[in-house]
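Each residue takes its place number in the sequence, starting with 1.
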Amino acid sequence: MKFLIHETLRTLNTDDVFEFGLTEISKSPEHDDLFEAEAIFIRNTKVTSKLKLTHLSEFNVVLSFITYIGSKLRGIAKDNLVEFDLNGLTFDQYIPMSKKLREIWDE
């Protein structure tokens, strides 16, 4: 599978490895001005969830992916007490949920 965005995230207190990716964005078969992609979340080489992002602008596909992954990672950290190795960043710096995507690009 070819990814537009792909990231591997290790943990500090477990042997788990998390990967998440966004497949290449393609035009929707029904509408020429809308796009779709698939967000994939992998834990220890097993796909644990997939989300089809459809009927969105290209910008909104990427924004939806960031929101989806941020929610998944925060849920795992809270429910399973997993500590992620974020290379010295806080969760909000790593996957900002409180900023608009335009603000992130401008930084």
Side-chain angles (χ1 to χ4, degrees):
M1 183 174 299
K2 198 168 184 181
F3 289 103
L4 175 67
I5 300 170
H6 181 262
E7 181 72 29
T8 300
L9 189 58
R10 303 196 184 290
T11 61
L12 296 173
N13 61 340
T14 68
D15 293 332
D16 290 334
V17 176
F18 294 87
E19 294 178 76
F20 45 92
L22 180 69
T23 61
E24 289 188 336
I25 298 171
S26 60
K27 286 194 177 225
S28 171
E30 297 98 29
H31 305 283
D32 287 341
D33 57 340
L34 297 177
F35 297 86
E36 59 187 35
E38 194 169 47
I40 298 174
F41 193 81
I42 301 166
R43 183 176 190 167
N44 298 327
T45 68
K46 292 183 182 177
V47 174
T48 59
S49 67
K50 289 183 180 183
L51 178 68
K52 187 119 178 154
L53 307 168
T54 60
H55 300 97
L56 301 166
S57 69
E58 285 181 287
F59 185 80
N60 283 334
V61 167
V62 175
L63 183 61
S64 295
F65 167 72
I66 291 171
T67 303
Y68 170 70
I69 295 303
S71 298
K72 292 287 291 177
L73 292 175
R74 281 178 169 80
I76 288 171
K78 180 181 173 193
D79 297 340
N80 300 326
L81 301 175
V82 171
E83 293 179 40
F84 291 104
D85 183 4
L86 302 175
N87 299 317
L89 299 174
T90 65
F91 244 132
D92 286 338
Q93 292 167 326
Y94 191 78
I95 299 181
M97 300 288 283
S98 60
K99 291 185 181 179
K100 295 183 178 171
L101 199 52
R102 287 270 181 233
E103 294 171 350
I104 298 167
W105 294 129
D106 290 343
E107 290 179 351

Expected list for residues 27-34: side-chain donor-acceptor pairs under 3.5 angstrom, two or more places apart:
| unit_1 | atom_1 | unit_2 | atom_2 | d |
| --- | --- | --- | --- | --- |
| K27 | NZ | D32 | O | 3.2 |
| S28 | OG | E30 | N | 3.4 |
| S28 | OG | E30 | OE1 | 3.2 |
| E30 | OE1 | H55 | NE2 | 3.0 |

Please tabulate, for the side chains in residues 79-88, all donor-acceptor contacts under 3.5 angstrom to protein atoms that are two or more places apart in sequence or on a different chain.
| unit_1 | atom_1 | unit_2 | atom_2 | d |
| --- | --- | --- | --- | --- |
| D85 | OD1 | N87 | N | 3.3 |

Listed pairs under 3.5 Å, donor-acceptor, residues 2-11 side chains, sequence neighbours left out:
| unit_1 | atom_1 | unit_2 | atom_2 | d |
| --- | --- | --- | --- | --- |
| H6 | NE2 | E19 | OE1 | 2.9 |
| E7 | OE2 | Y94 | OH | 3.0 |
| T11 | OG1 | T14 | O | 2.8 |
| T11 | OG1 | T14 | OG1 | 2.6 |
| T11 | OG1 | D16 | O | 3.2 |

The test is side-chain contact (heavy atoms from CB on, under 4.5 Å); show your working for I25 and V62 and say whether it passes. CA-CA 9 Å; I25 298 171; V62 175; 4.0 Å; yes
Begin from the C-alpha positions of F65 and F20 and carry the test side-chain contact (heavy atoms from CB on, under 4.5 Å) through to its verdict. CA-CA 10 Å; F65 167 72; F20 45 92; 4.0 Å; yes
Could you walk me through whether I76 and F41 satisfy the side-chain contact (heavy atoms from CB on, under 4.5 Å) test, starting with their C-alpha distance in whole Å, then the side-chain angles of each, then the deciding distance to 0.1 Å, before giving a yes or no? CA-CA 12 Å; I76 288 171; F41 193 81; 3.4 Å; yes
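Pairing each heavy atom of K50 with each of I40, the nearest pair is CG-CG1, 4.0 Å.
Between Y68 and the options L22, L73, L51, a side-chain contact (heavy atoms from CB on, under 4.5 Å) holds for only L51.
For the atom pair OG1 of T23 and NZ of K52, the computed distance is 7.5 Å after rounding to the nearest 0.5 Å. Distance check: N44 CG to F18 CZ gives 6.5 Å after rounding to the nearest 0.5 Å.
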